[in-house]
Amino acid sequence: MTSALRPETATEDIRRPGRWLALSVLVLAVLLVAVDATVLGLATPYISEDLAPTGTQLLWIGDVYSFVIAGLLVSMGSLGDRVGRKRLLLHGATAFGAISVLNAYAHTPELMILARALLGVAGATLMPATLALIRNLFHDPRERSLAIGIWGATASAGTAIGPVLGGFLLEHFWWGSVFLINLPVMAVLVVVGVRLLPESRTPDPGPWDLTSVVLSLAGMIGVVYAVKDAASHGFGVPVLVSGLLGAGALYGFVRRQLTLPVPLLDMRLFRHRGFSGAVLADLLTILGLSGLVFFLSQYLQLVQGRRPFEAGLAELPAAIGAVAAGLVAGRAARRYSVRSVVAGGLAAIGLALAALTVIEQSTGYPLLGVALLMVGLGAGFSFTVTADVILSSVPKEQAGAASAVSETAYELGAALGIAVLGSVVTGVYRGFTGPAGTPAAAHESLGGAVEAASALPAHIAEPMLEAARQAFVDGLTLAAGTGATVLLAAAAASWFMLRGQRLDETVQRREAGGRDRAADDGAAVSRK
């Protein structure tokens with residue numbers, strides 16, 4: 001047997017019939033998660049008014065989903081490799097829909113935080129499974145690039161649909177209705193997915209190591225909580241204890257993976273410079289963006305006085321840019337280079353965030369619209385290509401683990417971004433000086449100030465709201481400047497770490513060679 005397949009034969013043999021119909025089901029899962037992520041920010045002012053959370057509780061509502069999902073993504077990606085990615089995806093989608101109902105009817109801040117955490121458990125099953133199934137459906141590199149572009153474009157479309165649909169619902173129903181829109185999407189995904197999706201799993205995956213699962217979850221939550229608490233309250237004993245315990249758990253996780261015969265996560269993946277560079281780019285990008293995005297809907301509604309539906313429409317340029325860039329990103333990376341497209345995309349986001357450092361309460365929409373469009377274009381190019389690089393760097397048997405690492409970087413970046421940049425906004429906001437008679441609740445959040453103003457006389461309410469809104473804008477511009485710095489640093493790091501990386505048939509040829517070598521050594525087949 002030859003050591004490699006002829007390219008045209010390989011491409012012809014690996015084009016699975018029905019793969020594009022199967023992709024249409026996978027993008028529904030992406031749509032489910034994207035819509036849920038965007039409607040939360042839009043509904044935050046209403047949640048603040050109805051549940052009256054403290055500033056800290058409001059941040060937990062925003063980021064506990066990311067905390068839990070970041071801690072479980074690697075474990076769930078590995079579980080999908082073992083029990084079947086289709087099975088995990090369909091069970092996870094069902095749970096995601098059911099727990100969305102709990103989010104919708106939460107009546108206390110504590111219950112809302114719990115509901116968001118449970119949603120994180122369900123959400124951890126979805127994204128790694130979709131990318132891993134794409135890796136197994138599309139072996140041809142150019143088709144896979146297009147499939148990933150469609151996958152990313154759907155996520156961006158979800159970010160557009162979420163605010164518009166959520167804004168409409170918020171204007172006509174109560175805030176919980178924005179979570180119930182997950183149910184019809186989940187229903188279609190499950191019913192159609194049972195018929196169209198092929199099952200795939202690792203042939204001989206080994207046991208699912210529960211000790212590794214616990215270490216991964218404890219490590220992620222411990223480290224992220226320490227960062228969040230330090231950003232909010234400074235360094236203290238709880239921060240140090242949480243950080244040390246989290247770091248110790250992650251160290252134990254890495255050591256255990258290096259000694260297990262079949263690890264939950266193969267740490268050797270990080271020896272590939274392109275894989276590590278793409279993961280780092282994703283983490284830094286989301287870190288720089290997420291905290292700002294979380295507060296942008298509040299700025300549009302509570303500072304500029306836009307209705308929810310109008311605020312949703314105002315955020316459309318970011319999604320439009322991301323959809324357009326995602327569909328052509330793979331072609332651009334092949335025509336120019338991976339590092340040019342990724343680094344250029346990240347630099348564009350950084351410059352757009354830098355432009356937002358000059359916004360004021362009365363800033364006109366043209367500046368905001370152009371900045372959001374640039375953010376979308378940059379994100380569409382960078383995220384699509386980095387996802388392709390990550391999947392192209394590993395054999396298909398490791399697609400679940402690689403996808404989980406990619407999504408972990410995304411969710412960890414989101415958690416850290418909301419924790420750090422969100423705490424920057426909250427810290428600046430809490431220091432505003434209001435007139436005599438300003439209630440303590442007004443200093444917890446801008447939503448709390450708006451609610452408190454409705455019960456105060458005009459000579460106190462008006463100057464209090466003016467001071468509160470100005471403090472919120474000051475915090476937002478500081479967070480935008482911090483995010484811009486992070487994004488420009490990520491662009492520079494990507495330029496060096498992705499040097500020489502290409503979207504080509506390297507993995508396909510490596511897999512073909514591996515199959516041929518395995519044919520000469522039967523014992524190696526089962527281990528492969």
Side-chain angles (χ1 to χ4, degrees), residues 10-11 14-15 19-20 22-23 26-27 30 77 127-156 269-270 272-286 322-346 349 376-410 490-491 493-495 497-511:
T11 300
I14 61 185
R15 286 181 174 168
R19 60 196 179 280
W20 295 106
L23 177 66
L26 295 178
V27 298
V30 179
M127 300 302 279
T130 59
L131 271 177
L133 284 166
I134 287 174
R135 177 66 179 87
N136 281 269
L137 281 168
F138 297 92
H139 296 189
D140 177 74
R142 293 182 182 274
E143 282 197 349
R144 186 170 62 242
S145 291
L146 178 58
I148 292 173
I150 294 171
W151 177 85
T154 303
S156 301
L269 293 174
F270 291 95
H272 191 287
R273 178 165 48 84
F275 180 89
S276 297
V279 170
L280 179 63
D282 285 353
L283 189 149
L284 292 178
T285 303
I286 292 299
V323 169
L327 292 175
V328 299
R331 183 181 302 175
R334 286 184 171 85
R335 180 172 181 177
Y336 301 103
S337 69
V338 166
R339 72 170 183 174
S340 296
V341 173
V342 174
L346 299 183
I349 302 173
L377 288 169
F381 278 118
S382 61
F383 283 136
T384 303
V385 175
T386 54
D388 204 339
V389 168
I390 288 169
L391 288 184
S392 300
S393 301
V394 301
K396 60 180 172 57
E397 289 81 7
Q398 294 178 298
S403 303
V405 171
S406 171
E407 293 302 318
T408 298
Y410 186 99
S494 299
W495 180 260
M497 294 191 71
L498 296 178
R499 183 180 68 254
Q501 184 68 39
R502 296 178 58 196
L503 302 181
D504 55 22
E505 293 82 0
T506 301
V507 172
Q508 177 184 319
R509 292 170 179 168
R510 186 165 65 242
E511 290 175 352

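Values below: all heavy atoms of this structure, side chains included; hydrogens, waters and symmetry mates excluded.
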(message) Can you list everything that forms a side chain to side chain contact (heavy atoms under 4.5 Å, CB included) with A387? Sequence neighbours excluded, please.
(response)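 Partners of A387 by the side chain to side chain contact (heavy atoms under 4.5 Å, CB included) criterion, ordered by chain and then number, come out as I148.
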(message) Going by side chain to side chain donor-acceptor pair (under 3.5 Å), name the residues that satisfy it together with D388, two or more places apart in sequence or in a different chain.
(response)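 Once residues adjacent in sequence are excluded, the partners of D388 under the side chain to side chain donor-acceptor pair (under 3.5 Å) criterion are S145, S392.
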(request) Just jot down the side chain to side chain donor-acceptor pair (under 3.5 Å) partners of S494, sequence neighbours excluded, or say none. (result)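 Counting only residues at least two positions away or on another chain, S494 forms no side chain to side chain donor-acceptor pair (under 3.5 Å).
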(request) Check the surroundings of atom OH in Y336: do more than 12 heavy atoms from other residues, nucleotides or ligands lie under 6.0 Å from it? (result)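 No - once you tally the heavy atoms of other residues, nucleotides and ligands closer than 6.0 Å, there are 12 at most.
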(request) Answer yes or no: does atom CZ of R331 have more than 12 heavy-atom neighbours from other residues, nucleotides or ligands under 6.0 Å? (result)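 No, CZ of R331 has 12 or fewer neighbouring heavy atoms, counting only those of other groups under 6.0 Å.
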(request) Among L327, L26, T384, V323, find the one that has a side chain to side chain contact (heavy atoms under 4.5 Å, CB included) with I150. (result)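 With I150 as partner, side chain to side chain contact (heavy atoms under 4.5 Å, CB included) holds for just one option, L327.
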(message) If the test is side chain to side chain contact (heavy atoms under 4.5 Å, CB included), which one of V338, T285, D282, V341 qualifies with T386?
(response)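 The residue from V338, T285, D282, V341 that satisfies side chain to side chain contact (heavy atoms under 4.5 Å, CB included) with T386 turns out to be D282.
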Can you name the closest pair of heavy atoms from [X] and [Y] and give their distance?
{"X": "A325", "Y": "L377", "answer": "CB-O, 3.4 Å"}
{"X": "S276", "Y": "F270", "answer": "OG-O, 2.7 Å"}
{"X": "G380", "Y": "A329", "answer": "O-CB, 4.1 Å"}
{"X": "V328", "Y": "F381", "answer": "CG2-CE2, 3.9 Å"}
{"X": "L498", "Y": "A278", "answer": "CD2-N, 4.0 Å"}

(message) If I take atom CD1 from residue I349 and atom CG from residue L284, how far apart are they, to the nearest 0.5 angstrom?
(response)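 Nearest 0.5 Å value for the CD1-CG distance: 11.5 Å.
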(request) Begin with the C-alpha distance, continue with both residues' side-chain angles, and end with the deciding distance and a verdict on side chain to side chain contact (heavy atoms under 4.5 Å, CB included) for W495 and V342. (result) CA-CA 8 Å; W495 180 260; V342 174; over 6 Å; no
(request) Tell me, with the steps shown, if L283 and V279 meet side chain to side chain contact (heavy atoms under 4.5 Å, CB included). (result) CA-CA 6 Å; L283 189 149; V279 170; 5.6 Å; no
